[in-house]
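Below is one structure; the comments refer to it alone.
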Amino acid sequence: MTTGQARPTAVHRVVIVGAGFGGLETAHRLAGAPVAITLVDRRNHHLFQPLLYQVATASLATSEIAWPIRYLLRDRPEVTTLFATVSGVDAANKRVLLDDGDALPYDTLVLATGARHAYFGHDEWEPFAPGLKTLEDATTLRRRILVAFERAEREHDPERRAALLTFVIIGAGPTGVELAGTIAELARDTLPPDFRNIDTQQARVVLIEAGPRVLAGFPDDLSAYAQAALQSIGVEVILGQAVTECAADGVVYSGKRLQARTLIWAAGVRASPAAEWLGAAADRAGRLQVLPDLTVPGHPDIFAIGDTIVIAGPDGQPVPGIAPAAKQQGRHVAAAIKAHLAGEVPAPFRYRHAGSLAQIGKRKAVIDFGTIKLRGTIAWWIWGIAHIYFLIGLRNRLSVAISWLWIHARDQRAARLITQGSSKVVR
Ligand SMILES: Cc1cc2nc3c(=O)[nH]c(=O)nc-3n(C[C@H](O)[C@H](O)[C@H](O)COP(=O)(O)OP(=O)(O)OC[C@H]3O[C@@H](n4cnc5c(N)ncnc54)[C@H](O)[C@@H]3O)c2cc1C
């Protein structure tokens, strides 16, 4: 069956799949264009992924970093929001296929379906070392971290207690670094007064990275600073050693077994199956190879943007999989659609890198603006202001700012809630 959307066919129909950074920006930037937009997402919310680790570590609540997509587009009568999962594209008949058998006709299609974590061929590790991509992932991790402390409080066997108080993060990119720093501070600063039988400061936070340094995308000096900052708050940093096994009782790296009840995967990503839907060329991470105007080769009516694509930047390197890149591409696609409707030829996409940021614990960060590099507290303030600025809505900005001030002033993390299970949960 085809969901016709009951729109006059004379109006140019744009279907956008994915209401993440790229898709939502496309919809916003198409305001005023003579188009009827259908925005499809399998989740009902737009998620601010850069602060997901703060939900996982009980610093922020889920509603502070996610917003209903419908609400964000409530003032746009030409935009129809659909809560549905796309399972393919019938490019010959210009239809998007949904997993329930429905189909959506389009004149122009924008694929903005992002990426998910990848286990380098070891998907069987996922139950033991979950990754961080969705709100569910974040609340699952939060539960595992908090339950580990709760179980340690009741554990009499010293070995089992030590394993419960060992937290292993695999992958030292920005997400791994941010998670490790925040879990260390949770154990060192927030939890100690609340427990009677354990000293939460004895918890081990171990960050394992196969490459030679943390934050590999940053310059050497900022990497070295980040490593030292992590170690100063008690994080054990293990570099140049690849994890070869993840299991319920711990992890194996370079032939060594480390007993740990909480493993977190922050090591790799794989693009959504957009390239498979189109039978199009992709790189090893499954990222769709697009033309300079962000259309898919052989499909001038299909654009793809964000984490699901690979395209070279002005320096010849792949454009990084970060939110500003997805937003710039969304902006470009909206301009290209408008140009096309006006009978003009759109310019090729040109990426402008604004900088890279990562937080290390509650008072330190590193920022690489290219010519300017910042570290320490000043970088942390800029990091914080930038993230608050990009949140949606005054209420959320205020709420996040207050949560952070509270963490700074009192070391209290208000979102320390164990959900999705009672004390009977196994992990
Ligand atoms: C933990 C974490 C931390 C990060 N930190 C930073 C950071 O500090 N700074 C930064 O710039 N970037 C950061 N990123 C990266 C940034 O979030 C991504 O680059 C950005 O979200 C990419 O935007 P996108 O639109 O391509 O995809 P996404 O924002 O991931 O959106 C994809 C959307 O598509 C939907 N979707 C996927 N498949 C389907 C389907 N089959 N049917 C329907 N809908 C579908 C999803 O539900 C989702 O809403 C982080 C990412 C993660 C996971």
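Note that ligands are numbered from 1 as they come in the structure, with each ligand's atoms numbered from 1 the same way.
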Atom CZ in Arg42, atom OG1 in Thr134: separation rounded to 0.5 Å?
-> 9.0 Å
From the candidates Leu132, Ile305, Val269, the one that places a heavy atom nearest atom 53 (C) of ligand 1 | Leu132
Nitrogen or oxygen atoms of Ala323 and ligand 1 under 3.5 Å apart = yes
In plain terms, say whether Asp189 and Lys362 are close enough for a salt bridge, that is, a side-chain N and a carboxylate O under 4.0 Å apart.
-> yes
Report yes if some N/O of Pro324 lies less than 3.5 Å from some N/O of ligand 1; otherwise report no.
-> no
Among Asp307, Ile69, Asp41, Thr26, which residue places a heavy atom closest to atom 26 (O) of ligand 1?
-> Asp307
Within 6.0 Å of CD1 in Ile378, more than 12 heavy atoms from elsewhere = no
Ala115 to ligand 1: N or O pair under 3.5 Å?
-> no
Could you name the option among Glu25, Gln49, Gln54 that has the heavy atom nearest to atom 51 (C) of ligand 1?
-> Gln49
Mind checking whether Trp383 has a heavy atom under 4.0 Å from ligand 1?
-> no
Side-chain (Asn396) to main-chain (Glu64) donor-acceptor, under 3.5 angstrom | yes
May I ask you to decide if Arg13's main-chain N or O and Asp107's side chain share a donor-acceptor pair within less than 3.5 Å?
-> yes
Could you tell me whether Glu178 and ligand 1 have an N or O pair separated by under 3.5 Å?
-> no
Atom indices of ligand 1, in the order listed, that fall short of 4.0 Å to a heavy atom of Gly22 = 25 (O)
Does ligand 1 have any atom sitting under 4.0 Å from a heavy atom of Ala84?
-> yes
Check whether any side-chain heavy atom of Glu185 lies under 4.5 Å from a side-chain heavy atom of Thr190, and answer yes or no.
-> no
Taking distance alone, with no angle check, do Phe21 and ligand 1 share an N/O pair under 3.5 Å?
-> yes
Could you tell me which atoms of ligand 1, counted from 1 in the order shown, lie closer than 4.0 angstrom to a heavy atom of Gly306?
-> 26 (O)
Do Ile337 and His340 have side-chain heavy atoms sitting under 4.5 Å apart?
-> no
Atom CD of Glu276 with >12 non-hydrogen neighbours under 6.0 angstrom | no
What's the shortest distance from atom 37 (C) of ligand 1 to any protein heavy atom, and which residue and atom give it?
-> Thr113 O, 3.2 Å
Have a look at Arg43, Arg42, Lys327 and point out the one with the heavy atom closest to atom 36 (N) of ligand 1.
-> Arg42
In Å, rounded to the nearest 0.5 Å, how long is the span from CD1 of Ile311 to CG of Leu288?
-> 10.5 Å
Where the closest heavy atom to atom 31 (O) of ligand 1 is concerned, which of Ala304, Gly20, Ala138 has it?
-> Gly20
Parallel, tilted or perpendicular: which describes the rings of His353 and Tyr351, with under 30° parallel and over 60° perpendicular?
-> tilted
Ala112 near ligand 1 by a heavy-atom separation under 4.0 Å = yes
For atom 23 (O) of ligand 1, state which one of Pro174, Ala326, Pro50, Ala325 supplies the nearest heavy atom.
-> Ala326
Protein non-hydrogen atom below 4.0 angstrom of atom 11 (O) of ligand 1 present | yes
Please answer whether the main-chain N or O of Pro314 pairs with a side-chain N or O of Arg350 as donor and acceptor at a distance below 3.5 Å.
-> no
When only distance counts, is Val86 in polar contact with ligand 1, meaning an N/O pair under 3.5 Å?
-> yes
